[in-house]
Enquirer: 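If you scroll down you'll find the structure; I have some questions about it.
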Amino acid sequence: MPISEQQIADRLQGVEKRISLACQAHQCSPPLLLAVSKTRTAENIRTLYSSAIKNFGENYLQEALDKQQQLSDCDICWHFIGPIQSNKSRAVAEHFHWVHSVDRLKLAKRLSNQRPSALPALQICLQINIDNETSKSGFTANETISAAVEISQLPNLTLRGLMCIPQKRDTVAEQRLPFEKVAALLSTINQQLPNGTPKLDTLSMGMSDDIEAAIAEGATFVRVGTALFGPRQHR
Ligand SMILES: *Cc1c(COP(=O)(O)O)cnc(C)c1O
């Protein structure tokens with residue numbers, strides 16, 4: 001059964017409640033809610049859009065382009081959050097406002113070269129493989145600082161911050177540890193950036209199961225799919 005508008009509205013309320021409770025507990029300002037809409041329909045997106053959600057994250061290029069066409073009447077900020085093969089980088093550079101999944105220097109250079117000059121700079125985050133998992137892409141913590149300094153100087157990108165997808169952990173206390181490391185890495189990068197380079201201000205971290213832990217460590221975007229739309233069917 002497809003999810004109903006009412007179910008999405010109820011789930012959104014639940015997610016917003018979790019965010020506001022976590023922000024009260026940790027005395028922080030609320031992160032932006034990035035609704036992860038991979039595998040969901042354009043109608044599902046429209047439902048959230050009419051509840052004032054403007055940021056949507058997609059993982060699969062062709063699926064995202066199809067939905068962008070169906071939703072061209074909406075003022076949506078589109079975020080690409082999935083792995084990017086080099087032969088897909090041009091379309092990503094042309095059709096998104098943000099990319100959270102920049103996982104290698106070569107990809108950053110391609111996106112900068114391919115970003116159309118008529119568009120504002122592409123907003124990007126570097127994906128950090130914070131648990132050093134062989135199954136996940138991303139920069140290791142060690143590589144990140146020199147890569148960030150180089151990427152921050154590329155012309156058609158604005159390096160905004162860091163993104164991570166930690167391993168599953170069972171308690172909030174454990175979930176906080178990788179997020180704390182990524183937040184510390186962001187501060188270190190900011191100390192090393194050349195004079196005059198804008199500071200990084202974005203921590204894209206926290207998904208349906210670890211929103212609270214990410215907020216406790218300073219998330220500025222939480223990327224939420226399942227908690228908003230229900231369980232995903234396999235593609
Ligand atoms: C699918 C996905 C999410 C959302 O995960 P949920 O557990 O469904 O909230 C967040 N970030 C990335 C990069 C994803 O691929």
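Computation of the quantities below employed the complete heavy-atom set of this structure, encompassing side-chain atoms and omitting hydrogens, waters and symmetry-equivalent molecules. As the structure lists them, so they are numbered: ligands from 1, and atoms in each ligand from 1. These figures come from a predicted structure and were not determined experimentally. The residues of the chain are indexed from 1 along the displayed sequence.
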Enquirer: Is it the case that the side chains of Asp66 and Gln62 hold a donor-acceptor pair, with the cut-off being a distance below 3.5 Å and no angle test?
Expert: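 Side chains of Gln62 and Asp66: pair found under 3.5 Å.
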Enquirer: List ligand 1 atoms under 4.0 Å from Asn59, heavy atoms only on the residue side.
Expert: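 Contacts of ligand 1 toward Asn59, numbered from 1: 14 (C), 15 (O).
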Enquirer: Is any N or O atom of Val224, backbone or side chain, closer than 3.5 Å to an N or O atom of ligand 1?
Expert: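 There is no such contact.
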Enquirer: Among protein heavy atoms, which lies nearest atom 5 (O) of ligand 1, and at what distance?
Expert: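 The protein heavy atom lying closest is Met207 CE, 3.7 Å.
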Enquirer: Can you pull out the closest protein heavy atom to atom 6 (P) of ligand 1? Residue, atom name and distance to 0.1 Å, please.
Expert: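 Ranking protein heavy atoms by distance from atom 6 (P) of ligand 1, first comes Ser208 OG, 3.5 Å.
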Enquirer: Test of understanding: given a 4.0 Å heavy-atom threshold, classify the contact between Asp209 and ligand 1 as side chain, backbone, both, or neither.
Expert: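 Neither part.
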Enquirer: Phe80 and His95: aromatic ring centres closer than 6.0 Å?
Expert: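 Centroid separation for Phe80 and His95: 6.0 Å or greater.
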Enquirer: Determine whether Asn132 and Thr140 make a side-chain contact, defined as any pair of heavy atoms from C-beta on separated by less than 4.5 Å.
Expert: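 The answer is yes, as the side chains (C-beta and beyond) meet within the 4.5 Å cut-off.
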Enquirer: Report the distance from atom OG1 of Thr39 to atom CG of Asn59, rounding to the nearest 0.5 Å.
Expert: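 Reported to 0.5 Å precision, the distance equals 9.0 Å.
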Enquirer: Return the residue, atom name and 0.1 Å-rounded distance of the protein heavy atom closest to atom 8 (O) of ligand 1.
Expert: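 Going by distance alone, atom 8 (O) of ligand 1 is nearest to Thr226 OG1, 2.5 Å.
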Enquirer: Under 4.0 Å, heavy-atom basis, I'd like to know which part of Lys38 is in contact with ligand 1: side chain, backbone, both or neither.
Expert: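 The side chain, only.
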Enquirer: Are any non-hydrogen side-chain atoms of Lys181 and Glu217 less than 4.5 angstrom apart?
Expert: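 Side chain of Lys181 against side chain of Glu217, heavy atoms only: no contact under 4.5 Å found.
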Enquirer: Quick one: look up the protein heavy atom nearest atom 11 (N) of ligand 1 and list residue, atom name and how far away it is.
Expert: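 Protein heavy atom with the smallest distance to atom 11 (N) of ligand 1: Arg223 NE, 2.9 Å.
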Enquirer: Checking a contact table here: which protein heavy atom is nearest atom 12 (C) of ligand 1, and how many Å away?
Expert: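 Of the protein heavy atoms, Ile81 CD1, 3.6 Å lies nearest.
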Enquirer: I'd like to know if Arg232 contacts ligand 1, where contact means a heavy-atom distance under 4.0 Å to any ligand atom.
Expert: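 Within the 4.0 Å threshold, so yes.
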Enquirer: Of all the atoms in ligand 1, which lie at a distance below 4.0 Å from a heavy atom belonging to Ile165?
Expert: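 Near Ile165, meaning under 4.0 Å from one of its heavy atoms, ligand 1 has 13 (C).
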Enquirer: Within the 3.5 Å criterion, strictly below it, is a donor on Gln175 or Arg169 matched to an acceptor on the partner's side chain?
Expert: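 Side-chain D/A pair, Gln175 to Arg169: absent.
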Enquirer: Are Leu48 and Phe229 close enough that some pair of their side-chain heavy atoms sits under 4.5 Å apart?
Expert: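 Yes, side chains in contact.
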Enquirer: Whether the side chain of Glu63 engages the backbone of Tyr60 through a donor-acceptor N/O pair (distance < 3.5 Å, no angle test) should be reported.
Expert: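 Side chain of Glu63 to backbone of Tyr60: no pair is present.
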